[in-house]
A.B. asks: 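Here's a structure for you.
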Amino acid sequence: MKKGDSGRLDRIVAQARRDADARGQGYREKALKIYPWICGRCAREFTRSNVRELTVHHKDHNHDNNPPDGSNWELLCLYCHDNEHQRQVEATSGGSSGSVGGPVSTHTPFAGLQDLLRKKPPAK
Ligand SMILES: [Zn+2]
Ligand SMILES: [Zn+2]
């Protein structure tokens, strides 16, 4: 019977999902217990009615690093959290290329710009 097999797989998947959920809920709830419900960037205050907009940011960007004292967590509102990650993306893509070797080419955007300028009709 194939029914048993797929049922077991379903259960494993469901369990894995539950585990991930539990892990996520776990650190969020702990962080909300340790820290005041205030965004660490814009100092916006939160209450029970809008606390869902307050997120737990991992300072080292490692979601598996959840020390019980909360030293890797920072409570940020959705907007500041977004900002924080945007900065991180820009820092890693533009700045230090680390061990990859060879700098990222900075010529491409300027070449594109020159192309655009050439296509533009001359000013009156
Ligand atoms: Zn904020
Ligand atoms: Zn984050």
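Heavy atoms only: backbone and side chains are in, while hydrogens, waters and symmetry mates are out. Numbering of ligands and ligand atoms starts at 1, following listing order. Values in this document were obtained by computation on a predicted structure and should not be read as measured data.
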A.B. asks: Mind telling me whether His85 and His81 have parallel, tilted or perpendicular rings, with 30° and 60° as the class edges?
C.D. replies: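 Because their plane-to-plane angle lies in the 30° to 60° range, the rings of His81 and His85 count as tilted.
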A.B. asks: Could you name all protein N, O or S atoms found under 2.8 Å from the Zn ion (ligand 2)?
C.D. replies: His57 ND1, His81 NE2, His85 NE2
A.B. asks: Keeping to residues at least two apart or across chains, list the salt bridge (Lys or Arg N to Asp or Glu O under 4.0 Å) pairs with something in residues 65-82.
C.D. replies: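 Those involving residues 65-82 are Arg41-Glu74.
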A.B. asks: Where the Zn ion (ligand 1) is the corner point, what angle links SG of Cys42 with SG of Cys39, to 10°?
C.D. replies: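 Cys42 SG and Cys39 SG form an angle of 110° at the Zn ion (ligand 1).
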A.B. asks: List, one per line, each side-chain donor-acceptor pair under 3.5 Å for residues 33-40, sequence neighbours excluded.
C.D. replies:
| from | atom 1 | to | atom 2 | distance (Å) |
| --- | --- | --- | --- | --- |
| Tyr35 | OH | Gly70 | O | 2.6 |
| Trp37 | NE1 | Leu32 | O | 2.9 |

A.B. asks: Test of understanding: with side chain to side chain contact (heavy atoms under 4.5 Å, CB included), list the residues that count as partners of Asn72, not counting sequence neighbours.
C.D. replies: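 Result, side chain to side chain contact (heavy atoms under 4.5 Å, CB included) vs Asn72: His58, Lys59, Asp60, Asn65, Pro67.
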A.B. asks: Does this structure show an ion pair linking Arg87 with Glu90, if we count only N-O contacts that are shorter than 4.0 Å?
C.D. replies: no
A.B. asks: In sequence, state the C-alpha distance, the side-chain angles, and the governing distance for Arg28 and Trp73, and then conclude on side chain to side chain contact (heavy atoms under 4.5 Å, CB included).
C.D. replies: CA-CA 9 Å; Arg28 178 178 161 81; Trp73 302 326; over 6 Å; no
